[in-house]
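Accompanying notes for the structure given below.
All chains are named by letter (A, B, ...) in the order of the sequence lines, taking the proteins before the strands, and each is independently numbered beginning at 1.
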Amino acid sequence: MSREKTQAPKQAETVTSEADVSRLKGERLKKLALLKESGINPYPYRFDRTHKAQVLQEKYKDLPNGVETQDEVKVCGRVLNERNTWLFVDLWDDSGKIQLFCHKDNLTEDQLKTLRMLDKGDFLGATGTVRRTNKGELSIKVTDFQVLGKSLLPLPDSWSGFTDVEARYRHRYVDMIIHPQVRATFAKRSQTIRYMRRFLDDHDFLEVETPTLQVEAGGADARPFVTHHNALDLELYLRIATELHLKRLVVGGMERVYEIGRIFRNEGISTRHNPEFTMMEMYCAYGDYNELMDFTEKMLRYVAENVLGTAEFSYQGQEISFAKPFRRLRMLDAIKEATGKDLGETETYQQALDIANELGVKVEKGNTRGHVINAIFEEKAEHLLQQPTFIIDYPVEISPLTKAHRSNPGEVERFELFVYGRELANGYSELTDPLDQRARLEDQASKKAAGDDEAMPLDLDFIMAMEYGMPPTMGIGIGIDRLVMLLTDSASIRDVIAFPTMKPRS
RNA sequence: GCACUAGUAGCUCAGCGGUAGAGCAGGCGCCUCUUAAGCGCUUGGUCGAAGGUUCGAAUCCUUCCUGGUGCACCA
């Protein structure tokens, strides 16, 4: 605390020297000083607006050109453009634009002087009457105005735009000021979560919260972030999934639960991966994966219809339909469709590996028939799945938390949903047999001990929970960021995460 | 982690061995019914960083930093 105080004067010096260095900021600091000298507070407390821009545009849409009303309104927002030396000012709020008409006939000498102390980027509140100019622009004939927040830094110019991707991610607020599209994307992100939540709530689910800090990070194959708790002198992991805790709640009698939360995985960054991302996981007692696919389909359709107004949309030039029934395809059949090879005829790791070699698929992870099948699927079939497709019946070896298939040996009742060749969701009939679960997790733990840092740890309390008895349960995880990418036609996951993970500068 | 690619004024870009440029933004003045944009004049740069080659480097070479795209990892 005392350290901060001693540093305070130094910070003040920095601001001054920056002003010397940056002439653009310096010009604005001069205007700020001028405002203060004129007795104006450039950072006041509030403004009572009567209308948002969009409301006025709508209300006066039939007002003819050149017609003035006597209707007095108060509007406020950020100045993004100015023409004819502040005669015309484009004021933007979160609904849209309204033009201010600042004619000298309607303003005092002092007000005209104040007008010259403004900059693009400033927040302004204006009072005046509604009129439409001869050229057809709805405007406020300003009779009074207040500075609501002085801006000290220049915005990118609106004509050439703001295209430096790095700058847009690092300074998202500028990106959002300049690009209404970006604001719209994040509004849709919010709505996506809202309607998913509403759908689940309407189906009697309870929203819950489970620990982010965990002693062992389980529930998925991924490397975790490590952190440290000082008071306990304890190494902790950031969660890589919410699954194991949500299932404990099902054991506890909460029959329908879900969590929408941040997940952390210590993996590479790409257009489809951010180290922290948002996942919706839900668990529902007494259902199986067949029912879960029906449910998922309905939920996604509901979300799309409410966010977009339609369940059919275009993603990166590809028409995607959430309206039509989603195709359901066994993994082995997907491989057969893609390659002509029937892995169902193989029985051993070696037989499967021979086919992989024949297809030129490298199997770099795992040494079981299931791993080979999965590798072939991922390399040969996955990218073909453009329209929503449930790939069902996965190999047991890559699914340690999933119930064995009721009729196909070696398989589990699991599906993944693919859209545009990308995984969007992962669901299954949950494994509820504690003896089977213990055996599978012990197998995982031995792999972990053997050096597989993505294998799951042995969570004994999770097994104990299951030993108390668990009902048949269906459960799914949906990648929210990827869903938002689809609904907003965003090419990169960074476009749907307001503050994506970036390396620090210098 | 690997490959390719980029970094020049506040923004968008040109320049690719010979004195750092343009448009917009900014400043000053005039102007007051404009829509990218009234008119005139004008300020503005560690060319991402550090080395090297050269008489001379924004430009060529090396290393590093930070992005983007693809691959790998993964969801």
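On a pure distance criterion of 3.5 Å, a polar donor-acceptor pair joins the side chain of A/Q99 and the base of B/U34.
Within 4.0 Å (heavy atoms only), A/D481 reaches no atom of the nucleic acid at all. Nucleic acid contact for A/G161: sugar-phosphate only, since backbone atoms but no base atoms lie under 4.0 Å from a heavy atom of the residue. Across all strands shown, A/N426 has no heavy atoms under 4.0 Å from either base or sugar-phosphate atoms. Here A/Y169 lies in heavy-atom contact (under 4.0 Å) with sugar-phosphate atoms only. Across all strands shown, A/R170 has heavy atoms under 4.0 Å from sugar-phosphate atoms exclusively, and none from any base. Residue contacts for A/D90: at a heavy-atom cut-off of 4.0 Å it reaches no nucleic acid atom on any strand shown. Residue contacts for A/M279: at a heavy-atom cut-off of 4.0 Å it reaches no nucleic acid atom on any strand shown.
In this structure, the ring of A/F415 has its center no less than 6.0 angstrom from the ring center of A/F326. Taking the six-membered ring where the residue is Trp, the centroids of A/F199 and A/F295 are separated by under 6.0 Å. Between A/Y258 and A/Y283, the ring center distance fails the sub-6.0 Å criterion.
A/L385 places its CG atom 17 Å from the P atom of B/A75, with the value rounded to the nearest Å. The CZ atom of A/F264 sits 17 Å away from the P atom of B/A75 (whole-angstrom rounding). The separation between A/D157 atom CG and B/A9 atom P is 14 Å, rounded to whole Å. Distance CG (A/L100) to C1' (B/U35): 14 Å, rounded to an integer number of Å. Whole-Å rounding puts the A/E379 CD to B/C71 C1' distance at 11 Å. Distance CZ (A/R131) to P (B/U32): 16 Å, rounded to an integer number of Å. Going from atom CD of A/E166 over to atom C1' of B/C11 covers 15 Å, rounded to whole Å. Following rounding to the nearest Å, A/L115 (CG) and B/C31 (P) show an atom-to-atom distance of 16 Å.
Nearest nucleotide to the side chain of A/N134, out of B/U69, B/U34, B/C33: B/C33. Closest to the A/E68 side chain, of the nucleotides B/C33, B/U66, B/C11, is B/C33. For A/E423, taking side-chain heavy atoms from C-beta onward, the closest of the listed nucleotides B/C33, B/G67, B/A75 is B/A75. For A/S160, taking side-chain heavy atoms from C-beta onward, the closest of the listed nucleotides B/G68, B/C11, B/A36 is B/C11. The nucleotide whose nearest atom lies closest to any side-chain atom of A/T163 is, among B/U35, B/G68, B/C13, B/C13.
Taking side-chain N and O atoms only, A/R83 has no distance below 4.0 Å to OP1 or OP2 of B/A36. Within the 4.0 Å cut-off from OP1 or OP2 of B/U34, at least one side-chain nitrogen or oxygen of A/K135 is found. Not one side-chain nitrogen or oxygen of A/N84 sits closer than 4.0 Å to the OP1 or OP2 atom of B/C31. Of the side-chain N and O atoms in A/N65, none sit less than 4.0 angstrom from OP1 or OP2 of B/C33.
Pairing for B/G17 is absent, judged as Watson-Crick or G-U wobble with the two contacts each under 3.5 Å. Searching all strands for a Watson-Crick or G-U wobble partner of B/C60 with both distances below 3.5 Å returns B/G52. Across every strand in view, B/A75 sits unpaired, with no contact that passes the Watson-Crick or G-U test at under 3.5 angstrom. If you check B/U35 for Watson-Crick or wobble pairing at under 3.5 angstrom, you find it has no partner at all. Searching all strands for a Watson-Crick or G-U wobble partner of B/U69 with both distances below 3.5 Å returns B/A3. Remark: B/C28 base-pairs with B/G40; criterion is Watson-Crick or G-U wobble with both hydrogen-bond distances under 3.5 Å. Taking a pair to require two hydrogen-bonding distances under 3.5 Å in either a Watson-Crick or a G-U wobble arrangement, B/A22 pairs with B/U12. B/U46 is unpaired under the Watson-Crick or G-U wobble criterion, no partner having all donor-acceptor distances under 3.5 Å.
Closest-nucleotide positions on RNA chain B for A/T133 and A/F162 were compared, and the one nearer the 5' end corresponds to A/F162. Nearest-nucleotide positions on RNA chain B place A/T271 closer to the 5' end than the other of A/A222 and A/T271.
If you take atom C1' in B/C39 and the same atom in B/C31, they sit 7 Å apart, rounded to whole Å. Spacing of P atoms, B/A50 relative to B/U8, comes out at 15 Å, to the nearest Å. A gap of 24 Å separates the P atoms of B/A49 and B/A3, to the nearest Å. Of the C1' atoms belonging to B/A14 and B/G21, the separation is 7 Å, rounded to the nearest Å. Atom C1' of B/A20 sits at a distance of 10 Å from the matching atom of B/A9, rounded to the whole Å. Atom P of B/A57 sits at a distance of 33 Å from the matching atom of B/C24, rounded to the whole Å. For the P atoms, the distance linking B/U12 with B/G68 amounts to 15 Å, nearest Å. For the P atoms, the distance linking B/A58 with B/G7 amounts to 15 Å, nearest Å.
Between A/D459 and A/K247 no salt bridge is recorded (no basic side-chain N to carboxylate O distance below 4.0 Å). Look at A/R440 and A/D443 and you find no salt bridge, because none of the NZ, NE, NH1 or NH2 atoms lies under 4.0 Å from a carboxylate O.
To the nearest 0.5 Å, atoms CZ (A/F322) and CG (A/L487) are separated by 6.0 Å.
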N/O to N/O distances under 3.5 Å, protein versus nucleotides 26-29 of chain B:
unit_1 : atom_1 : unit_2 : atom_2 : d
B/G27  : OP1    : A/K31  : NZ     : 2.5

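A donor-acceptor pair shorter than 3.5 Å cannot be found between the side chains of A/T108 and A/D110. A donor and an acceptor atom, one from each side chain of A/T402 and A/R414, are nowhere located under 3.5 Å apart. Counted by atom type alone, A/T242 and A/E259 present zero donor-acceptor pairs between their side chains at under 3.5 Å.
With sequence neighbours left out, the side chain to side chain contact (heavy atoms under 4.5 Å, CB included) criterion links A/H51 to A/V55, A/L56, A/K59, A/V73.
By the criterion of a centre-to-centre distance under 5.5 Å and near-parallel planes under 30°, the ring of A/F277 forms a stack with the base of B/A75.
Results of the side chain to side chain donor-acceptor pair (under 3.5 Å) test with A/D90 over A/R78, A/R83, A/K120 single out A/R83 as the only residue that passes.
In this structure, A/I493 and A/R272 approach most closely via the heavy-atom pair CD1-O, 3.6 Å.
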